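Computed from a predicted model, the values in this text were never measured in an experiment. Side-chain atoms are counted along with the backbone in the values below, which use heavy atoms only and exclude waters and symmetry mates. Here is the naming used below: chain letters follow the sequence lines, and residue numbers restart at 1 for every chain.
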Protein chains: 4
Amino acid sequence: MGGTMDGTKQRRRGNTRQRIQDVALELFAEQGYEKTSLREIAERLDVTKAALYYHFKTKEEILVGLFEDLTKPIEDLIEWGRQQPHTLETKQEIVRRYSQALSDAAPLFRFMQENQATVRELSIGEMFKSRMLGMRDIIIDPDADLTDQVRCISALFTMHAGMFVMQDIEADPEEKRRAILEVATDLVTQAHMGSRRTP
Amino acid sequence: MGGTMDGTKQRRRGNTRQRIQDVALELFAEQGYEKTSLREIAERLDVTKAALYYHFKTKEEILVGLFEDLTKPIEDLIEWGRQQPHTLETKQEIVRRYSQALSDAAPLFRFMQENQATVRELSIGEMFKSRMLGMRDIIIDPDADLTDQVRCISALFTMHAGMFVMQDIEADPEEKRRAILEVATDLVTQAHMGSRRTP
Amino acid sequence: MGGTMDGTKQRRRGNTRQRIQDVALELFAEQGYEKTSLREIAERLDVTKAALYYHFKTKEEILVGLFEDLTKPIEDLIEWGRQQPHTLETKQEIVRRYSQALSDAAPLFRFMQENQATVRELSIGEMFKSRMLGMRDIIIDPDADLTDQVRCISALFTMHAGMFVMQDIEADPEEKRRAILEVATDLVTQAHMGSRRTP
Amino acid sequence: MGGTMDGTKQRRRGNTRQRIQDVALELFAEQGYEKTSLREIAERLDVTKAALYYHFKTKEEILVGLFEDLTKPIEDLIEWGRQQPHTLETKQEIVRRYSQALSDAAPLFRFMQENQATVRELSIGEMFKSRMLGMRDIIIDPDADLTDQVRCISALFTMHAGMFVMQDIEADPEEKRRAILEVATDLVTQAHMGSRRTP
DNA sequence: CATGAATGAGCGTTCATTCAT
DNA sequence: CATGAATGAACGCTCATTCAT
C-alpha cells in the first residue's frame, strides 16, 4: 500500500512482470481484450513481444494472473461470509466490504463487466462465475421467494455496474459509491425482511 | 416504413438480407462480435463472404441494421414517455413497457450487455448511450437526490442484466421476468416517493 | 494424356491451385517441409500468403493434395495386385509397374524419403504407411521366412531410395532405373523361390 | 563402450555435456531435428536454455558432437577396409562389422535416415556423405557393372533402413538383424561374383 | 444477385541466440 | 557453471475488405 520507507525499491529491472500486468490491465479495460494486441502492450513498455512470452505463457495467462491477484480479497470475503451467521448485519457487512473490494480493483471489474462475451470463453470465466455464485449463496436465503432473490442479485449487479454506468453523472466518485452502497444495502435488507415476513 | 400495411417487406426471394441479420445476431449473441467472423456467417448461410458485401457495406453495418430494427420500439417508448406527465403511474408504465421491449429483443440486448467494450467503439455505442440517457430522463426526476438516481439506474440495469444473469436459476422465464419487473418497479417507485419526501 | 489440340487451355488465371502445388512440391523436395515457409511459396508465385489460404486450408493440406494426386496410380496398382494370383510373374509385373510409378512421381517420393520424421506426424504419414503395407502384402508370401521377407522389403526400398542415392553416379537416369529394377526384381524372385524351396 | 582403459570419461559432476547429448539424441530421433527445440531439451534436463549454450555454441553443434562421437567406429572401419585386399571375405567382414556399428548407434542412424532433408543442409550432411562414399569404395569394385553397383548400394541401404522399416514385424530384433545382414551379405556376394563373371 | 480470387494488415506464438550477472 | 531477461526474425494463420466477372 506504499507505506514502506523505501519508495525506490523497484528500480528499473526485475519489475517487468508487474509492469506488463499494469499496462495490460489498463489496455484491456480501455479497449477490451480482443482489441488489445500483444504488440500494443509490448510497445507501450518498450520491449518486444517476445519479452512478454518470457513472463507469461500466453495472452490469456496475463489476464489470469491479473484476475487471481486482484480478486483475492473477494475470495477471502466469501470465505469469511460462509463462516458467519446469516443475519441481516452480516449481509450488510458483506455488501459494505464487497463494495470496497470492487472499488479497489475497479479497472478489472470494469473489464469483466464490459467483456463478458470474451470472458465467458476464457478460463477466468469459470472462476468468475464460481465467485459470483459464492457471493450469491451468502446473501441470498435459500428459501427466499423469487422477487427477493432478484433483489439480492440486483444489489450485487448494481455495485458491479454502478460505477461505470454513472461515469457521466456529476458528483464526486466517493459520494457516488456511497449512494450505490446505500441502494444495494436497501435491496439486501428488503430481501432479508421479505424472507422473515412469511411465517 | 414502420408499422405500415405493406406486407411485401420480406418477399419470397430476396430475403437474404434478413437471413444474414438473423444468423449474425445469433452468432454475435453467442460468441461476441469480434469472435464472429464474416466467414462464419457466410458459411452458415451457405453463401460466399462476398455476398454479404452485396447487402451490407461493412461488418459493422450488419450490426447497425440489427440495432436500428430491433430498438425501434424503445425509441418509440421514449418518444411517448417524453410527452407524458412525470407521474408515478407514467413511470411504472414505462418500466412495464421497457421490460417487454427488452424481452422482445432479448438476443440483441444480451449482445449489448456482454460486448460493451466492443460496442463502445462502434457507431451503435453512441446510439445506445443516447437511448439510455433518454430512458433515464423520463424516469429520473432532475432534482432527485443521488441515491434515488441510483435506484432508477439500478432499475433499468436490473432489467437489462436480469435475464442473463439468472439463466442458471430454476423457475420459468416468464415468472422470472415478472419478478424482475416487480423489483424494477419497486425501485422506481421508491425513487419517486423519495423525491416527494423532501418538501 | 495431353493429346488434346488446345495446348493453351490454361492461360493465366484459374490455375493458381495447380501452380501452388507445383511450386510447393519443388520446394518441399528441395529443402524439406519445415524449412519451406508459406511466405517462400507465395513469393515465388508472386501472390500473397493469404492467397494460398484461399486454395488450401492449411500448409499440411497442400501436401495432402499433392500426395493424393500423385499416389493415385500406386493405389490403383495395389488394387490390381490384390486381384491377381500371387505368381512370380505377377510379382515381377508389380515391381515393374511400381518402379514406373515411383519414377513418374519422383519429386514426391524424394520428399517422402527425406522427410520421414516430419511425414510421420502428418496425416499423410498414415496414408503412406498403409500404402506401403498394401504393397508388402502383395509381394510378400505370408509364410515366407524372415530372410525372404527382408528381401522383398529391400526390393521396395531399393526402388524408393535408389534414384536419390545414386544421383552422383555417372550413367544416364533411365539406365540407372533399369539397373535398380533389375536388382529389385532379382530380390523378389529370390524371395519367391525361397518360399517354394522348403516343402 | 569403446573398450578403452580410460575410466574418467564421464565423471560425477560435469557430465552435463553428456546428458545434453543423450537427451538431444533421444528427442531428435523421436521427433526430428527441426521439431525439437532447445527449450524442450533444456526442460527435460531441468536446466535453462542458456545452460546449453555454455556447452555448445549452437544447436547444430550438439548434433555435430553426437555424430562425431557415434560414427567414430565407422570411420575406423573404413580406414581398416581401405588397407585390406578387396577380396570377397574382406567385403563380407566389412558388411558384418558395419551392421554391428549401425546397431550400436541405432538412434543416430534412425535420425539420419528420417531427417535427410534437414541433414543435407547441416555440416554433418557432408560428413555423412563422405563416409557413405568411403563405404561404397571399399565394397564396390570400380569396374563392376551398374547392376552390381546397385546391389552394393542396396546392401548398405538395406542395413540402414531395415531396422526401422521392420519395426512392425513380429520376430525379435536380433533375429531381424541377422536376416537383414544375410540379405546384405548376399547382395554384396552376388555383386562380387558378378564382377568376376565377365571375362 | 452473387461468386471466385485475391489482398494487406495484423495476430498470437515460437525459435535460436545473446549477454550481463 | 549457470541463470534471468530479453531480442529479432520468422512462422502459420485469420480477418475484413475489394473487385472483375
Side-chain angles (χ1 to χ4, degrees), chain A residues 12-17 19-20 33-42 45-62, chain B residues 13-17 20 33-42 45-62, chain C residues 12-17 19-20 33-42 45-62, chain D residues 13-17 20 33-42 45-62:
Chain A
R12 269 166 309 197
R13 277 291 124 83
N15 56 344
T16 306
R17 199 190 140 92
R19 287 172 61 226
I20 292 171
Y33 179 77
E34 328 248 15
K35 298 205 49 161
T36 301
S37 70
L38 295 183
R39 177 181 54 70
E40 208 173 352
I41 295 174
L45 289 167
D46 208 49
V47 296
T48 61
K49 268 192 292 173
L52 306 184
Y53 278 90
Y54 178 78
H55 296 280
F56 297 93
K57 270 216 281 278
T58 63
K59 184 185 182 186
E60 189 174 349
E61 275 231 336
I62 301 179
Chain B
R13 279 284 121 139
N15 61 341
T16 306
R17 197 189 142 92
I20 292 171
Y33 178 77
E34 328 249 14
K35 297 204 50 162
T36 300
S37 70
L38 295 185
R39 177 176 57 66
E40 208 173 351
I41 296 174
L45 289 166
D46 210 48
V47 297
T48 60
K49 267 189 294 174
L52 305 184
Y53 279 89
Y54 179 82
H55 295 282
F56 297 93
K57 269 217 282 280
T58 64
K59 183 185 183 186
E60 190 174 348
E61 277 231 334
I62 301 178
Chain C
R12 268 164 308 198
R13 278 290 125 82
N15 57 342
T16 306
R17 198 189 141 93
R19 287 172 61 227
I20 292 171
Y33 179 77
E34 328 248 15
K35 297 204 50 160
T36 300
S37 70
L38 295 184
R39 178 180 55 69
E40 207 174 351
I41 297 174
L45 290 167
D46 208 48
V47 296
T48 60
K49 268 191 292 173
L52 306 184
Y53 279 91
Y54 177 78
H55 296 281
F56 297 93
K57 269 216 281 278
T58 63
K59 184 185 182 185
E60 189 174 349
E61 275 232 335
I62 300 179
Chain D
R13 277 286 120 137
N15 60 343
T16 306
R17 197 188 141 92
I20 291 172
Y33 179 77
E34 328 248 13
K35 298 202 52 159
T36 300
S37 70
L38 295 185
R39 177 177 56 66
E40 207 174 352
I41 296 174
L45 289 166
D46 209 47
V47 297
T48 60
K49 267 190 292 173
L52 305 184
Y53 279 89
Y54 180 82
H55 295 281
F56 297 94
K57 268 217 283 279
T58 65
K59 184 184 182 184
E60 190 174 349
E61 277 232 333
I62 301 179

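- To the nearest angstrom, C1' of F:dA6 lies 13 Å from CG of A:L45.
- Nearer to the 5' terminus of DNA chain F, by closest-nucleotide assignment, is the contact made by D:V47 (compared with the other of D:V47 and A:D46).
- Between the C:K49 side chain and the C:S37 main chain, no donor and acceptor come within less than 3.5 Å of each other.
- Atom CD1 in B:I20 sits roughly 12 Å away from atom P in E:dC1 (whole-Å rounding).
- Over its length, the helix from E:dA2-F:dT21 to E:dT21-F:dA2 turns its helix axis by 20°, as judged from the five terminal pairs at each end, rounded to 10°.
- Here the shortest heavy-atom pairing between C:R19 and C:L45 reads NH2-O, 3.5 Å.
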### Message
Each nucleotide in nucleotides 16-21 of chain F should get exactly one letter: B, S or -. Can you fill that in based on protein heavy atoms under 4.0 Å?
### Response
BBBB--

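- Between E:dG4 and C:H55, no contact under 4.0 Å exists linking OP1 or OP2 to a side-chain N or O.
- In this model, the phosphate group of F:dA5 is approached by a side-chain N or O of A:Y54 to a distance below 4.0 Å at OP1 or OP2.
- At a threshold of 4.5 Å between non-hydrogen side-chain atoms, the residues C:L52 and C:I20 count as touching.
- Applying the 4.0 Å criterion to OP1 and OP2 of F:dA5, one finds that A:T16 has every side-chain N and O outside that range.
- The distance from atom NZ of C:K35 to atom P of E:dA16 is 12 Å, rounded to the nearest whole Å.
- In this structure, A:I62 places its CD1 atom 11 Å from C1' of E:dG12, rounding to the nearest Å.
- Separating the CG atom of A:L52 from the P atom of F:dA6 is a distance of 10 Å, rounded to the nearest angstrom.
- For B:T36 against B:K59, the heavy-atom pair with the smallest separation is O-NZ, 2.9 Å.
- The main-chain N or O of C:E34 is never found under 3.5 Å from a side-chain atom of D:K35 such that the two would form a donor-acceptor pair.
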